[in-house]
Amino acid sequence: MKLERGNLLGLEELTGEEIETILETAESFVEISERPLKKVPVLRGLTVVNLFFEPSTRTRISFEIAEKRLSADTVNFSATTSSTVKGETLKDTARNIESMGIDMLVMRHSAPGAAAYLAGIVDCPVINAGDGPHEHPTQALLDLFTVKRTRSRIAGLNVVIVGDILHSRVARSNVFGFTKLGAKVTVCGPPTMIPPGIEELGVEVSYNLREALPEADVVMMLRIQRERLEDCYFPTLREYSDLFGLDGEKMKLAKGDVTVMHPGPINRGVEMTPEVADGPYSVILEQVKYGLAVRMAVLYLLSGGELSSEDVD
Ligand code: CP
């Protein structure tokens with residue numbers, strides 16, 4: 001299995017077959033994290049730089065651990081302690097780092113399209129770790145992988161994505177990923193948080209979680225992004241939570257085997273109550289766990305790898 005592309009910028013540009021290739025490659029990497037010695041030498045001698053211009057816990061640490069488990073040399077860049085604060089441009093930053101002979105760049109940035117811009121500047125592969133409200137491809141890939149592992153399939157499932165669809169890169173990437181693999185996707189939230197015309201992406205729209213929930217095999221709750229909410233999209237958090245938060249009362253409307261997901265970080269008591277987040281239907285920590293295998297697969301495939309059993313022995 002091989003990926004015939006130089007960068008991972010978003011799931012919009014990937015075919016269903018390419019997504020399947022990444023998910024199948026990730027299967028081979030799950031077991032490495034369960035070994036006493038969690039390391040294989042497939043990226044030995046390569047240097048990966050993680051450029052984070054926005055805060056992150058899961059994605060940054062997951063990429064760093066994935067790189068280390070593949071034996072790459074890994075360097076972390078934080079915008080707040082870099083020459084960015086002195087006014088250096090992204091282009092100059094990237095070209096200076098590239099001139100040190102690095103092999104791959106992982107970047108999170110608040111500007112939509114920043115990863116594509118970076119890919120046009122440098123010669124090495126670029127992985128988008130989230131670009132503003134545009135895409136978060138490795139999050140969607142790990143969500144797909146978690147659903148495939150939990151439900152044994154993706155095609156034919158009803159996936160309901162709930163919350164701030166307008167500002168969510170996770171929602172956009174998941175819409176592309178789940179529809180390409182044959183799931184039926186419904187986006188659900190207040191009308192102010194559903195982009196007009198989103199049906200053109202092949203999804204259904206609901207403004208009522210209590211109506212959408214009984215049909216869901218998978219319900220993916222999104223974080224209310226207080227940092228991107230400049231205008232008033234709903235009267236109060238309490239009203240949002242009453243209508244679109246997942247709690248014990250609404251869970252009674254769901255199927256008995258529903259799968260509950262959240263990309264994190266969770267605003268507990270807003271998107272979901274602790275009893276749901278930590279309850280029996282939640283796969284939130286599995287999402288984080290499988291994120292490692294998925295990111296190992298992406299790093300490996302973009303390094304030109306073509307998986308054989310010798311690579312992971
Ligand atoms: N899901 C996600 O991207 O989390 P972080 O912002 O902590 O990386």
Side-chain angles (χ1 to χ4, degrees), residues 8-12 22-23 26 48-69 74-80 105-115 118 126-147 149-150 159 161-178 187 218-229 246 259-268 270-272 276-278 282-299:
L8 178 65
L9 304 178
L11 293 202
E12 184 172 16
I22 297 169
L23 301 186
V48 185
V49 178
N50 303 311
L51 291 172
F52 277 73
F53 290 87
E54 256 194 1
S56 167
T57 297
R58 278 147 291 271
T59 312
R60 189 178 57 77
I61 293 176
S62 181
F63 266 113
E64 188 177 348
I65 294 176
E67 290 151 12
K68 289 188 160 132
R69 292 204 174 154
T74 176
V75 179
N76 291 315
F77 164 101
S78 166
T80 49
L105 277 168
V106 176
M107 186 172 76
R108 170 167 292 189
H109 201 284
S110 58
L118 183 67
V126 171
I127 300 173
N128 181 6
D131 59 336
H134 178 230
E135 282 231 35
H136 192 349
T138 58
Q139 177 67 45
L141 288 165
L142 74 87
D143 292 337
L144 289 163
F145 189 81
T146 305
V147 169
R149 278 242 157 175
T150 311
V159 179
I161 306 177
V162 185
D164 183 3
I165 310 296
L166 183 66
H167 297 96
S168 177
R169 55 193 174 209
V170 175
R172 275 180 59 81
S173 291
N174 269 302
V175 164
F176 294 127
F178 276 99
V187 294
V218 175
V219 58
M220 183 181 296
M221 307 305 291
L222 301 173
R223 182 172 70 90
I224 287 297
Q225 302 185 44
R226 298 179 211 215
E227 72 276 22
R228 294 194 219 277
L229 298 182
L246 205 49
T259 300
V260 174
M261 309 181 80
H262 193 301
I266 304 172
N267 293 303
R268 284 178 180 256
V270 178
E271 296 102 52
M272 56 174 63
V276 177
D278 306 324
S282 167
V283 294
I284 292 170
L285 293 180
E286 279 92 335
Q287 290 173 261
V288 178
K289 172 182 152 182
Y290 292 137
L292 264 181
V294 165
R295 293 188 172 111
M296 287 163 88
V298 169
L299 289 159

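What's counted below: heavy atoms across the whole structure, side chains too, no hydrogens, waters or symmetry copies. Read the numbers this way: they start at 1 and go in the same order the structure lists the ligands and their atoms.
At a threshold of 4.5 Å between non-hydrogen side-chain atoms, the residues Q139 and R169 do not count as touching. Contact check for L51 versus L118: side-chain heavy atoms found under the 4.5 Å cut-off. Residues R223 and D164 are not in side-chain contact: their nearest non-hydrogen atoms beyond the backbone lie 4.5 Å or more apart.
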Using the side-chain contact (heavy atoms from CB on, under 4.5 Å) rule, take I65 and R295 through it: C-alpha gap first, then chi angles, then the decisive distance, then the call. CA-CA 9 Å; I65 294 176; R295 293 188 172 111; over 6 Å; no

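A donor-acceptor pair shorter than 3.5 Å can be found between the side chains of E64 and N76.
Among protein heavy atoms, atom 1 (N) of ligand 1 sits closest to P263 O, 2.9 Å. The protein heavy atom nearest to atom 6 (O) of ligand 1 is R108 NH1, 2.9 Å. Protein heavy atom in closest approach to atom 2 (C) of ligand 1: T59 OG1, 3.5 Å.
Residue H136 holds the heavy atom nearest to atom 3 (O) of ligand 1 of all those in Q139, H136, R58.
Per-residue contacts place G264 under 4.0 angstrom from the following atoms of ligand 1 (heavy atoms of the residue considered): 1 (N), 2 (C), 4 (O). Counting the atoms of ligand 1 from 1 in the order shown, those under 4.0 Å from a heavy atom of T57 are 5 (P), 7 (O), 8 (O).
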